[in-house]
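Everything below concerns the one structure shown next.
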Amino acid sequence: MKKNFIIGITILLIGCKNDNSSIEINSSGLTLLERIKAPKGYDWITEERGSFGEFLQNTKLKKTGSQILDFRQNPISNQTEHVAIMDYDIGEKDLQQCADAVIRLRAEYLYQQKRFDDISFHFTNGDVFNWNDYKIGIRPQLISSTKISFNNVANEDDSYASFRNYLDVIFMYAGTISLNKESIGISDNKKIKTGDFIVTPGSPGHAVIILGRAKNKQGEIIFLLAQGYTPAQSIHVITNPYDGEINPWYKLDVSKNPTITARYTFVKTNIRTFKN
């Protein structure tokens with residue numbers, strides 16, 4: 001009886017999913033704003049010039065039809081629940097996972113804006129490590145499971161390649177717990193913006209980032225979401241297999257639990273924003 005009940009629930013859940021054939025895209029579009037169309041009755045919200053939101057809207061995408069690859073450059077098994085791949089390297093180690101994808105996008109924006117003093121992230125143990133220290137040769141060294149020392153052991157290097165190596169260090173020591181702690185919770189739906197993220201802090205936890213917004217004449221706003229995942233893999237824009245009318249967009253509500261996304265259920269809708 002119990003077995004039959006579980007099978008029935010599984011079939012019901014699968015039946016609730018939609019195929020992706022109704023998603024409207026411009027296959028030649030190079031950016032999110034150019035490629036993914038807003039659903040009928042909605043229009044893209046143009047983000048403020050120079051903002052994190054504008055940066056995300058205009059980040060380059062890999063060509064239409066690209067597969068999600070893992071850090072070994074192998075396609076992952078699930079290729080059905082994404083609509084676009086962001087054009088960022090994955091790295092050669094299993095580091096750039098979910099929280100790391102959010103950090104990667106924020107760091108790339110700050111680097112592009114030359115806001116080098118703001119490129120600073122917490123480790124899970126609470127320590128802070130910033131780009132300005134890394135580029136002059138300071139490196140973290142693990143003393144114990146919770147203690148890290150910082151020593152000047154490398155040559156100064158402020159190149160982008162060095163910046164990318166800095167991010168790998170952050171990915172190694174940061175995660176959903178530190179991302180949650182260094183951000184501010186949002187309690188008003190009207191304040192949710194592009195660049196904010198949903199996070200479940202934990203080991204494991206998960207995080208997705210808002211890449212864009214669209215609005216209808218009634219003032220209702222919907223959102224595009226992207227994520228990294230485990231193992232480390234391409235940062236990808238996820239579909240919404242549970243709402244065919246707006247797929248791949250999502251409705252978000254800070255007071256509604258859970259928030260169910262294509263590959264993860266957030267038991268608590270913990271939407272947060274970066275402090276700086």
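Remember, it's a predicted structure, so these values are computed and weren't measured experimentally.
Distance alone, capped at 3.5 Å, places no donor-acceptor pair between the Thr176 side chain and the Ala99 backbone. Between the Thr200 side chain and the Gly205 main chain, no donor and acceptor come within less than 3.5 Å of each other. A distance-only check finds a donor-acceptor pair linking the side chain of Glu34 to the backbone of Leu30 [under 3.5 Å]. Side-chain atoms of His122 never come within 3.5 Å of backbone atoms of Ile177 as a donor-acceptor pair (strictly under, hydrogens ignored). Looking at Ser162, its side chain does come within 3.5 Å of a backbone N or O of Asp157 through a donor-acceptor pair. Counting only distance, with no hydrogens or angles, the side chain of Tyr88 and the backbone of Leu61 share no donor-acceptor pair below 3.5 Å. Glu24 places no side-chain N or O within donor-acceptor distance of the main-chain N or O of Lys37, the cut-off being under 3.5 Å. Using a distance-only test at 3.5 Å, with no hydrogens or angles considered, a donor-acceptor pair links the side chain of Asn270 to the main chain of Val199. Between the side chain of Thr269 and the backbone N or O of Lys256, at least one donor-acceptor pair lies under 3.5 Å. Remark: side-chain polar atoms of Glu54 are paired, donor with acceptor, to backbone N or O of Gly50 under 3.5 angstrom.
Phe223 and Ile260 end up in different hydrophobic clusters when Ile, Leu, Val, Met, Phe, Trp and Tyr side chains are linked at under 4.5 Å. Linking Ile, Leu, Val, Met, Phe, Trp and Tyr residues whenever their side-chain heavy atoms come within less than 4.5 Å places Ile235 and Leu110 in a single cluster. A single hydrophobic cluster is not seen to contain both Trp249 and Leu225; linkage of ILVMFWY side chains at heavy-atom distances under 4.5 Å, directly or through other members, places them apart. Linking ILVMFWY residues whenever their side-chain heavy atoms come closer than 4.5 Å, directly or via other members, places Ile246 and Ile36 in the same cluster. A single hydrophobic cluster is seen to contain both Phe163 and Phe55, as judged by linkage of ILVMFWY side chains at heavy-atom distances under 4.5 Å, directly or through other members.
Considering all non-hydrogen atoms of both residues, Arg263 and Gln227 come closest at CD-NE2, 3.4 Å. The shortest heavy-atom contact between Asp196 and Lys191 is OD2-O, 3.7 Å. Pairing each heavy atom of Trp44 with each of Leu32, the nearest pair is CZ2-O, 3.7 Å. The two atoms that bring Glu220 and Tyr42 nearest to each other are O-CE2, 3.5 Å, heavy atoms only. Taking all atoms of both residues into account, the shortest heavy-atom contact from Lys93 to Ala232 is O-CB, 3.9 Å. Here the shortest heavy-atom pairing between Lys251 and Asp243 reads CE-OD2, 4.2 Å.
Counting heavy atoms from C-beta on, the side chains of Ile222 and Pro39 come closer than 4.5 Å. Leu95 is not listed as a side-chain neighbour of Phe71, based on a closest heavy-atom distance of 4.5 Å or more. Here the side chains of Ile209 and Leu56 are in contact, with some heavy-atom distance below 4.5 Å. Considering only heavy atoms from C-beta on, Asn257 comes within 4.5 Å of Lys268 through its side chain. Looking at heavy atoms from C-beta onward, Ser234 lies in side-chain contact with Ile90 at the 4.5 angstrom threshold. A heavy-atom distance below 4.5 Å is not found between the side chains of Tyr264 and Cys98. Between Leu105 and Leu211, the closest side-chain pair of non-hydrogen atoms falls below 4.5 Å. Two residues are said to be in side-chain contact when any heavy atoms from C-beta on lie closer than 4.5 Å; Thr80 and Pro241 fail this criterion.
Note: Tyr166 and Trp131 have tilted aromatic rings, judged against thresholds of 30 and 60 degrees for the angle between ring planes. Ring pair Phe52/Phe274 is perpendicular by interplanar angle, where above 60° counts as perpendicular and below 30° as parallel.
Atom CD1 in Ile119 sits 7.5 Å away from atom CG in Asn132 (nearest 0.5 Å). Atoms CG and OG1, from Leu224 and Thr194 in turn, are 8.5 Å apart once rounded to the nearest 0.5 Å. With rounding to the nearest 0.5 angstrom, the CD1 atom of Ile138 is 7.0 Å from the CZ atom of Phe129. Summarising the geometry, atom CG belonging to Asp100 is positioned 9.0 Å from atom CG belonging to Leu179; distances are rounded to the nearest 0.5 Å. Note that the CE atom of Met86 and the CZ atom of Arg104 stand 10.0 Å from one another [nearest 0.5 Å]. For the atom pair Ile221 CD1 and Ile192 CD1, the distance stands at 8.5 Å (nearest 0.5 Å).
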For this session: Using the side chain to side chain contact (heavy atoms under 4.5 Å, CB included) rule, take Asn189 and Asp253 through it: C-alpha gap first, then chi angles, then the decisive distance, then the call.
Result: CA-CA 6 Å; Asn189 286 330; Asp253 186 339; 3.1 Å; yes
For this session: List the steps, then state whether side chain to side chain contact (heavy atoms under 4.5 Å, CB included) holds for Ile68 with Ile85.
Result: CA-CA 7 Å; Ile68 299 173; Ile85 305 289; 3.5 Å; yes
For this session: Step by step, work out the side chain to side chain contact (heavy atoms under 4.5 Å, CB included) result for Leu142 and Ile148.
Result: CA-CA 5 Å; Leu142 192 64; Ile148 295 173; 3.8 Å; yes
Problem set entry | Evaluation steps, side chain to side chain contact (heavy atoms under 4.5 Å, CB included), between Phe121 and Asn130 | CA-CA 6 Å; Phe121 297 95; Asn130 59 64; over 6 Å; no
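The existence of a salt bridge linking Arg106 and Asp118 is excluded, since no basic side-chain nitrogen approaches an acidic carboxylate oxygen closer than 4.0 Å. Taking a cutoff of 4.0 Å between a charged side-chain nitrogen and a carboxylate oxygen, Asp168 and Arg164 qualify as a salt bridge. The pair Glu47-Arg213 meets the salt-bridge criterion, since a charged nitrogen lies less than 4.0 angstrom from a carboxylate oxygen.
A cation-pi geometry, defined here as NZ or CZ lying under 6.0 Å from the six-membered ring centre and within 45° of its normal, does not hold between Arg139 and Phe150.
Asn125 and Asp127 are linked by a side-chain donor-acceptor pair at a separation below 3.5 angstrom, with hydrogens and angles left out of the test. When only modelled atom types and interatomic distance are considered, Glu108 and Tyr160 share a side-chain donor-acceptor pair under 3.5 Å.
Counting non-hydrogen atoms of neighbouring residues, nucleotides and ligands closer than 6.0 angstrom, the NZ atom of Lys215 reaches no more than 12 such neighbours. Counting non-hydrogen atoms of other residues, nucleotides and ligands closer than 6.0 Å to CD of Gln79 gives a total above 12. By the neighbour-count criterion of 12 heavy atoms within 6.0 Å, atom CG of Asp188 is densely surrounded, having more than that number from other residues, nucleotides or ligands. Atom CD of Gln141 is surrounded by more than 12 heavy atoms from other residues, nucleotides or ligands within 6.0 Å. Sparse packing is recorded around CZ of Arg72, with 12 or fewer heavy atoms of other residues, nucleotides or ligands lying under 6.0 Å away.
In this structure, Tyr229 has its ring center under 6.0 Å from that of His206.
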